[in-house]
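So the structure is just underneath, and the comments pick up after that.
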Amino acid sequence: MTSAASRTVVVLNGPNLNLLGTREPAVYGSATLADVEQLCRTACERHGWALDFRQSNHEGDLVDAIHEAGRLHAAGQLAGVVLNAGAYTHTSIALMDAIKGTGVPLVELHISNVFAREAFRHHSYISPVARAVMCGWGVQGYALAIDGLQHWQY
């Protein structure tokens with residue numbers, strides 16, 4: 001069995017999340033992506049986990065990161081993945097296939113309550129292959145998702 005200290009949480013952020021703090025603060029709040037990273041680091045430290053935190057506006061980069069997480073998972077070194085795929089949630093079969101293909105334990109995360117927003121945001125290609133879905137808790141949802149990963153450890 002791999003020790004908790006040798007496990008990593010991979011937090012992936014999709015397109016436009018680099019604009020947190022300035023993009024639609026009434027929807028997404030005033031926290032920046034750097035604030036979110038610190039929130040995630042603190043949550044990981046509570047569990048003795050390492051953090052791999054990334055953001056990309058490019059779908060292929062996110063697919064590659066999921067493949068890397070899959071290799072960690074196969075080696076017993078992954079605590080889980082938290083994915084805020086942004087708009088790719090509603091469009092990316094490639095991300096869905098990467099998650100399904102690697103078998104990574106993944107939480108789909110949204111800062112806002114997507115079901116209280118435009119109808120196109122109600123469909124997710126990620127949800128069917130995620131172990132859990134979290135939305136509407138603001139950036140605090142990241143820490144809640146990381147804390148929830150402890151329930152998947154075996």
Side-chain angles (χ1 to χ4, degrees), residues 7-47 49-59 61-70 72-73 78-153:
R7 291 186 181 263
T8 299
V9 173
V10 176
V11 177
L12 301 175
N13 296 279
N16 300 311
L17 287 157
N18 56 304
L19 301 176
L20 279 178
T22 59
R23 177 186 175 214
E24 298 181 76
V27 174
Y28 299 107
S30 60
T32 67
L33 194 60
D35 296 331
V36 172
E37 183 173 5
Q38 185 54 52
L39 184 75
C40 292
R41 187 166 313 286
T42 299
C44 285
E45 288 170 357
R46 278 196 297 274
H47 302 284
W49 294 331
L51 174 65
D52 180 350
F53 188 92
R54 304 181 194 193
Q55 186 277 327
S56 180
N57 293 316
H58 306 283
E59 185 178 29
D61 291 345
L62 296 169
V63 169
D64 288 344
I66 290 169
H67 290 179
E68 289 176 38
L72 287 175
H73 181 56
L78 183 73
V81 176
V82 176
L83 172 64
N84 183 343
Y88 290 141
T89 301
H90 320 293
T91 64
S92 184
I93 295 168
L95 284 172
M96 177 188 70
D97 284 347
I99 297 160
K100 188 175 181 181
T102 60
V104 295
L106 182 137
V107 177
E108 174 186 347
L109 181 128
H110 304 280
I111 294 169
S112 68
N113 178 355
V114 293
F115 299 102
R117 297 183 64 195
E118 304 93 339
F120 76 86
R121 296 185 193 277
H122 300 179
H123 177 266
S124 169
Y125 282 101
I126 308 301
S127 294
V129 293
R131 287 204 187 166
V133 178
M134 179 165 290
C135 69
W137 290 96
V139 297
Q140 189 60 38
Y142 284 87
L144 294 169
I146 290 168
D147 287 343
L149 295 176
Q150 69 183 327
H151 300 290
W152 298 344
Q153 305 311 306

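The figures that follow rest on heavy atoms only: side chains count, while hydrogens, waters and symmetry mates do not. Residues: numbered from 1 along the sequence shown.
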With a 3.5 Å distance limit and no angle check, can you tell me whether [X] reaches the backbone of [Y] through a side-chain donor-acceptor pair?
| X | Y | value |
| --- | --- | --- |
| Asn13 | Arg54 | yes |
| Gln150 | Asp147 | yes |
| Arg7 | Leu78 | yes |
| Gln55 | Leu12 | no |

Using the ring of each side chain (for Trp, its six-membered ring), is Tyr142 parallel, tilted or perpendicular to Phe53, with breaks at 30° and 60°?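 Taking Phe53 first and then Tyr142, their aromatic rings sit tilted (interplane angle of 30° to 60°).
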
How about [X] and [Y]: do any of their side-chain heavy atoms sit closer than 4.5 Å?
| X | Y | value |
| --- | --- | --- |
| Leu39 | Thr42 | no |
| Ile111 | Leu17 | yes |
| Thr102 | His73 | no |
| Val129 | Glu108 | no |
| Leu144 | Leu109 | no |
| Ile146 | Cys40 | yes |
| Leu33 | Glu37 | no |
| Leu83 | Ile99 | yes |

For the [atom1] atom of [X] and the [atom2] atom of [Y], what is their distance to the nearest 0.5 Å?
| X | Y | atom1 | atom2 | value |
| --- | --- | --- | --- | --- |
| Lys100 | Ile66 | NZ | CD1 | 14.5 Å |
| Met96 | Ser127 | CE | OG | 11.5 Å |
| Ile93 | Leu95 | CD1 | CG | 10.5 Å |
| Leu62 | Asn57 | CG | CG | 8.5 Å |

On a heavy-atom basis, which atom in [X] and which in [Y] lie closest, and how many Å separate them?
| X | Y | value |
| --- | --- | --- |
| Pro105 | Ala79 | CG-O, 4.3 Å |
| Pro15 | Ala87 | CG-N, 4.2 Å |
| Ala145 | Met134 | N-SD, 3.9 Å |

Partners meeting ring-ring contact (aromatic ring centres under 6.0 Å, His included) with Tyr125 (sequence neighbours left out): His123

Inspect the contact between Arg41 and Glu45 and indicate whether a charged nitrogen and a carboxylate oxygen are less than 4.0 angstrom apart.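 No, this pair does not count.
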
